[in-house]
Every structure is written in structure tokens, then in C-alpha cells.
Peer 1: 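First, the structure itself, so that you have it in front of you.
Proteins get letters first, then strands, A, B, ... in listed order; numbering begins at 1 in each.
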Amino acid sequence: MNNQKGFSLLSFLLYLMLFSLITLFSCHIITSLIIPSLSAMRKCQSIIALHIASDLFVRDIRTKRGCKYDWKLITPHELICHQDDHDIGWCFSGNRLNRKEGIYDKGWKKSTASIIAHGIAQAVFAIEKNNDHIVGIELSLTSQSNPKSPVICYVAILEQEKT
Amino acid sequence: MSFNATDLLHQFLLYRYSLHNFLTQNYYFSKVRRVMKPKNGFLLIELIVGLSVSIFFILIITHYIIEVRSTQQKALQRIESFSTTRNEKERALVKRQSYSHE
């Protein structure tokens with residue numbers, strides 16, 4: 001009986017081909033499916049986070065509809081309104097959208113801040129006026145990971161303003 | 001019943017030893033009994049089976065990631081449609097208010 005050690009060149013080539021095919025297939029899956037899917041998921045998550053932030057903004061403005069309030073500061077990056085005995089502000093600074101609540105008198109004297117969204121490239125508050133009255137606010141949020149499609153939300157302001 | 005890593009490694013080495021003898025020396029079906037030799041390294045067939053199992057796991061993970069991505073995209077489409085509807089409703093509210101003033 002022939003006691004054979006090692007393996008033949010033919011079997012080596014066959015196995016090498018099989019290994020190469022399997023490795024090539026796994027690399028193809030990783031580069032063509034997994035990496036684009038992960039980046040798409042990251043973009044999707046950032047856009048959903050911006051929608052959640054815009055929902056919070058709209059809800060905050062809507063809750064003021066039945067109350068008396070006036071605007072203290074309106075700039076493209078900051079909004080502050082006075083309601084009852086405290087002030088509520090929304091501002092964009094340092095790639096974050098913050099909501100502040102406290103007392104504002106040419107600067108925040110006493111406030112608590114909440115980070116509503118981060119990773120924002122640009123946030124702009126645009127005021128719509130009708131006969132010198134503010135009738136609506138548009139908030140445009142642009143994500144750092146997806147700068148081509150900004151999330152835009154619009155909220156109407158009804159009649160109960162003081163001024 | 002508990003297993004530790006040493007027991008599992010021992011079982012695996014025993015399996016490899018018997019598989020090697022079965023595949024290479026044909027111990028059970030040969031008329032001539034040969035002396036069993038301990039083996040170092042691994043078989044090519046073991047390597048290819050290992051690679052196939054690993055690619056199977058890669059395929060499962062890929063399928064999971066693609067499912068999550070498609071679910072997220074469906075959710076995002078719904079959220080965007082809700083957001084667009086809300087914006088339109090708010091704009092209509094402003095228009096109605098301005099018409100009532102006029």
C-alpha cells in the first residue's frame with residue numbers, strides 16, 4: 001500500500017481556487033452590501049433624529065397657542081419668547097439645537113438647557129409675517145451627515161400674542 | 001451540566017484525530033491496519049468547511065443589516081409624509097387666518 005504524504009499539485013490548485021472563490025465572495029459581500037448599508041443606516045438615523053427635533057419644536061410652539069406670550073428675540077439662529085413668568089428659547093450653537101428655559105434679560109440669567117439634536121450643520125429659523133404680525137415660523141435643519149436634504153418644518157402662530 | 005474551554009478543546013482535538021484517521025488512513029475499511037499517528041496542523045477539508053461556515057455567518061449578518069436598513073427607510077418615508085402633511089396643514093391654518101382678517 002502506498003503511504004502517501006502531502007497532497008498533489010492538482011488538489012492544491014483545486015483547493016486554492018475554492019478558497020479564493022470563497023474569500024472573493026465574502027469580500028464582495030462586505031464591500032458591496034454591508035458598508036453601503038451601514039452608511040445608509042447612519043444617514044437614515046440622523047434624518048429621523050432631525051424629524052424628532054422638529055416635532056419637539058412644533059409641539060413647543062403649538063402649546064403656546066392658548067396662552068399669552070411675546071417675542072423677546074428673533075434671529076435666524078435663536079428664538080426667545082416670554083410666557084407667564086419665564087422665557088423659553090430655541091438656539092443653534094456648536095452644531096447643536098438647544099432649548100433653554102429660564103429668565104432672559106439681554107442674556108440668560110438663570111436657565112436650564114436641553115440638547116434637542118446634535119450633529120447639525122445648519123439650523124435656520126425663518127419668520128413669516130402678515131401685516132407686521134408673525135403668523136408662522138419655519139425651521140430648517142440640515143444634518144452634517146446628509147447636507148443635501150434639509151428637514152423643514154413649519155408651524156403656525158395664532159392670534160393670542162400680546163403685542 | 002457545565003462545560004469549560006479545556007473540555008471543549010479536548011473534544012475538538014479528539015474529533016479531529018478520528019476524522020483525520022478516517023479520511024486519510026481509511027482505518028475502518030482497510031484490510032491492513034496501520035499505526036495511528038498524531039497529526040499536527042489541519043486538513044484542507046476542515047479549512048474549507050470553516051470558510052464555508054464563516055461565509056454563511058457573513059451572509060446571515062448581511063441579511064440582518066439589509067432588513068434593518070429597509071425597515072428604517074420605510075419608517076423614514078412614513079415620518080416624512082407625516083411631516084409634509086403637518087406642514088401643509090399649518091400653512092393652510094395661516095392662510096385661513098389671513099383670509100379671515102381680510
Peer 1: B:Glu80 versus chain A, heavy atoms under 4.5 Å apart: side chain, backbone, both or neither?
Peer 2: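 Both parts, heavy atoms under 4.5 Å.
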Peer 1: May I ask you to name which of A:Arg62, A:Gln45, A:Glu138 has the most heavy-atom pairs under 4.5 Å with chain B?
Peer 2: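 If we count pairs closer than 4.5 Å to chain B, A:Arg62 comes out on top.
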Peer 1: Does atom NZ of A:Lys109 have more than 12 heavy-atom neighbours, drawn from other residues, nucleotides or ligands, at distances under 6.0 Å?
Peer 2: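 Yes - once you tally the heavy atoms of other residues, nucleotides and ligands closer than 6.0 Å, there are more than 12.
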Peer 1: Using a 4.5 Å cut-off on heavy atoms from C-beta on, say whether the side chain of A:Tyr154 contacts that of B:Val94.
Peer 2: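 A side-chain contact under 4.5 Å exists here.
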Peer 1: Has B:Ile60 got more than 12 heavy atoms of other residues, nucleotides or ligands less than 6.0 Å from its CD1?
Peer 2: yes
Peer 1: Any non-hydrogen side-chain atom of B:Arg86 less than 4.5 Å from a side-chain atom of A:Asp55?
Peer 2: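 B:Arg86 vs A:Asp55: side chains touch.
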Peer 1: What are the two closest non-hydrogen atoms of B:Ile66 and A:Ser37, and how far apart are they?
Peer 2: CG1-OG, 3.8 Å
Peer 1: Is there side-chain contact between A:Cys44 and B:Gln73, with at least one heavy-atom pair below 4.5 Å?
Peer 2: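 They are in contact (side-chain heavy atoms under 4.5 Å apart), so the answer is yes.
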Peer 1: Near A:His86 NE2, under 6.0 Å, is it more than 12 heavy atoms from other residues, nucleotides or ligands?
Peer 2: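 Count over threshold, so yes.
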Peer 1: May I ask you to test the B:Ile58-A:Phe25 pair for a side-chain heavy-atom distance under 4.5 Å?
Peer 2: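 Counting from C-beta outward, B:Ile58 and A:Phe25 never come under 4.5 Å.
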Peer 1: So which of A:Ile48, A:Thr23, A:Leu38 has the biggest tally of heavy-atom pairs under 4.5 Å with chain B?
Peer 2: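 Highest number of pairs under 4.5 Å: A:Ile48.
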Peer 1: Quick check on the hydrophobic clustering: are A:Ile127 and A:Leu97 connected, directly or via other members, by side-chain heavy-atom contacts under 4.5 Å?
Peer 2: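 Same hydrophobic cluster.
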Peer 1: Using side-chain contact (heavy atoms from CB on, under 4.5 Å), reason through B:Leu76 and A:His51 one step at a time and then give a plain yes or no.
Peer 2: CA-CA 9 Å; B:Leu76 182 63; A:His51 277 288; 4.1 Å; yes
Peer 1: Side chain, backbone, both or neither: which part of A:Val58 has an atom under 4.5 Å from a heavy atom of chain B?
Peer 2: side chain
Peer 1: Hey, are the side chains of A:Ile22 and B:Ile48 touching, using non-hydrogen atoms and a 4.5 Å cut-off?
Peer 2: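 Yes; the side chains approach each other to less than 4.5 Å.
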